[in-house]
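Written out below as structure tokens is the structure these notes cover.
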Amino acid sequence: MLPLPRRLDPLLRDPATLVAAASTQRHLRELHAHLLVSGRLASRSLHAALLASLASSDDRHLSYARLLLPRRPATLLVHNSLLRALACGQRPHLAFGAFRDLPLAPDNYSFTFLVRAATALAASTPGVAPGLDANLIAGSVHASALRRGHATDTHVQSGVVSMYAAAGDVGAARTAFAEIASPDVVCVTAMVGALATGGEVDAARELFDGTPQRDHVAWNAMIAGYVHVGRSREALKVFDKMQHAGAAVGEATLVSVLTACAQLGALERGKWVHSYLCNRGMRVSVTLGTALVDMYSKCGAVAAAMDVFESMGERNVYTWTSAVSGLAMNGMGRQCLELFSRMGRAGVEPNGVTFVAVLRGCSMAGLVDEGRACFDSIKSKHRIDPWLEHYGCTVDLYGRAGRFDDAISFINAMPVEPHEGVWGALLNASRIHKNVELGKYAMNKLIAIESKNDAAHVLLSNIYAESQNWKGVSNVRNMMKAKGVKKLPGCSAIEFDGRVYEFFVGGKTHPRYKEIEMMLAEMTERLKIQGYVANTKDVMFDIEEEEKEGAISLHSEKLALAFGLIALPEGTEIRIVKNLRVCKDCHDYTKLVSKVFNREIVMRDRNRFHHFKDGACSCKDYW
DNA sequence: CTAGGGTTAG
């Protein structure tokens, strides 16, 4: 064997580095020549490894890999390596061509890679392989495996189940799973995952509970499934059971758990996860770090979110978007824009989601011109076709600032038909600026698209109420009755002692209801001394609830607030998560409570955060 | 010197 140039020595130990080092075709040819002449390429394993890493690097090298392929007598091993590289690469559909051109009969390995390619294709964003239908491909890949007698291989079986899941066909996954004679753990887990991510969490849970075959991945699938459909409290319960069962808690687990905490606004629990992973010396990967940033942001702890963000070594578009969005929903528009431009300097390309966040940041902080410039840059600079949401955000931007003419001409200039979000933004702006005529106009446009939009009806009614137009208010209510529009009940949640407690309007079910009632009386008494006058203008939408016998006619956030004052130790923040927007009365009320009781109160509403302190709110009464 | 299932932003 001829000696190789010294500099190639270390590269040989790892063909992947070798390929990476060959930045041009010329380098590659040189390396290839050396390997060939020195006789090293005769080694079957090196040949296979070289091929595989060539194939997975990029298109130039991929073609080189194909060139290399016929240089040696065909072995399935080498061809399967290529298949694997293609299936796991950027353009998974290339594996189909390679599969068709196999010079030997495919074996079970070939099929696992083929299945993987179909899975990757189904999961990939549209546009990776235009013209290919992931569902059709999934079906034919499965059929092909059956025909060739490899559908009984357990790796193929589990792969097929998750392939159908990735293609969004839970039914097909079910059928495929039902035909497996004795599914192993991985197959069962694949099915649990297919059901859980396909939105059928209860079915997933049933399968999960009914099998002794469960490992940590199955637990992870269950937790992720609950989070996926917004049943985060159940996700946390499963996590508790998982720890009790002694299953291995890993990164995937914690990412889902953090997402659950973010949804619930469960800061204490989220902090616990953070220290848990620190104590266990886990590496904070991009994914985990992003989940932490998101959790802290959505719990209103922006400073903590930014600390994690700054400490991260690697950040991707998800990370940046989470951070930008965190600043936006906490009303920190300036900082949000600054971070966004830093993102540009860091060379991370924003996507549509990033722009939703930036536009919302501008809108919350009243940065109209900056926001408009940002909207224009979506297409001109970033070559993204603006989404309907981007239009909606921009209408919101103008509308909040009271620039109705700009808002209207912006809508008129839209190249696409405005959707309910656009009219909803205009409707909300009409409420903020008490513009009845514009509100009616927006409402008519909106109900032409979505006649039963409950939030819109509430907004319109509030507009009437604020202008003392009680006839208008009752008209809206009659309209709602006639159309059967149901208002989503308000719900406020508060975390106490590691548990999340929920309060509904008129809810009397809480075990400490008596205490809450007494505290409410005390609160109102002490607030009255400060000159608080109940503002019942916006409250009328809970009349239905008030009519219920004995129900207390208070919005859920007041109940949660009272509970917080009772249960949480003095000096700690009270954090409340509400599923709807806060009404004016509750907002005033909470401001006063923060002063009279000398407590900081953080309230997350449907759209944003309110940080109450000393009788003022961070939103500057602009929401 | 080839395999399967779970994980982040609106």
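First the proteins, then the strands, lettered A, B, ... as listed; each starts at 1.
One donor-acceptor pair, N or O on each side, does fall under 3.5 Å between the base of B:dA3 and the side chain of A:Asn108. No donor-acceptor contact under 3.5 Å links the side chain of A:Ser162 to the base of B:dG5. Between the side chain of A:Thr189 and the base of B:dG5, at least one donor-acceptor pair of N or O atoms lies under 3.5 Å. For A:Asp215 against B:dG5, a side-chain N or O and a base N or O form a donor-acceptor pair under 3.5 Å. One cannot find a donor-acceptor pair under 3.5 Å joining the base of B:dG4 and the side-chain atoms of A:Asp153.
In this structure, the side chain of A:His390 engages the main chain of A:Gly352 through a donor-acceptor pair within 3.5 Å. Listed for the A:Ser322 side chain is a donor-acceptor partner under 3.5 Å among the backbone atoms of A:Tyr318. Although no hydrogens or angles enter the test, the distance criterion places no donor-acceptor pair under 3.5 Å between the side chain of A:Arg233 and the main chain of A:Ala260.
Remark: C1' of B:dA3 and CG of A:Leu82 are 16 Å apart, rounded to the nearest angstrom. Computed from coordinates, the A:Asn330 CG to B:dA9 P distance equals 17 Å when rounded to whole Å. The interatomic distance linking A:Leu83 (CG) with B:dG4 (P) rounds to 13 Å, in whole Å. Atom CD in A:Glu349 sits about 16 Å away from atom C1' in B:dA9, given to the nearest Å. The interatomic distance linking A:Leu114 (CG) with B:dT2 (P) rounds to 19 Å, in whole Å. Here the C1' atom of nucleotide B:dG5 and the CZ atom of A:Phe208 are 13 Å apart, to the nearest Å. Computed from coordinates, the A:Arg116 CZ to B:dA3 P distance equals 9 Å when rounded to whole Å. Between the C1' atom of B:dT7 and the CE atom of A:Met222 lies a distance of 15 Å, rounded to the nearest Å.
Side-chain proximity of A:Thr112 to B:dA3, B:dG6, B:dT8: nearest is B:dA3. Nearest to the side-chain atoms of A:Asn80 among the listed nucleotides B:dG5, B:dA9, B:dT2 stands B:dT2. The side chain of A:Leu77 sits closest to B:dC1 out of B:dC1, B:dG5, B:dT7. Which of B:dG6, B:dT2, B:dA9 sits closest to the side chain of A:Phe113 comes down to B:dT2. Relative to the side chain of A:Val353, the nucleotides B:dA9, B:dG4, B:dT2 differ in distance, and B:dA9 lies closest. You'll find that the side chain of A:Asn220 is closest to B:dG6, out of B:dG6, B:dA3, B:dG4. Comparing B:dG6, B:dA9, B:dT7 against the side chain of A:Glu251 picks out B:dT7 as the nearest.
Using a 4.0 Å heavy-atom cutoff across all strands shown, A:Ser285 reaches no nucleic acid atom at all. At the heavy-atom level, A:Ala224 lies under 4.0 Å from the strands shown only through sugar-phosphate atoms. Note on A:Thr287: a base of the nucleic acid sits closer than 4.0 angstrom, heavy atoms only.
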Trace of the side-chain contact (heavy atoms from CB on, under 4.5 Å) decision for A:Val115 with A:Thr112: CA-CA 5 Å; A:Val115 168; A:Thr112 46; 5.7 Å; no

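Phosphate proximity of B:dA9 to A:Arg360: absent, as no side-chain N or O sits under 4.0 Å from OP1 or OP2. Side-chain nitrogen and oxygen atoms of A:Arg84 include at least one within less than 4.0 Å of the OP1 or OP2 phosphate oxygen of B:dA3.
Annotation: side-chain contact (heavy atoms from CB on, under 4.5 Å) contacts of A:Ala165 (sequence neighbours excluded): A:Ala194.
When A:Phe355, A:Tyr398, A:Phe410 are each tested for a ring pair (Phe, Tyr, Trp, His ring centres under 6.0 Å) with A:Phe375, only one passes: A:Phe410.
Lacking a ring centre under 5.5 Å from that of the base six-membered ring together with a plane angle below 30°, A:His155 does not count as stacked on B:dG4.
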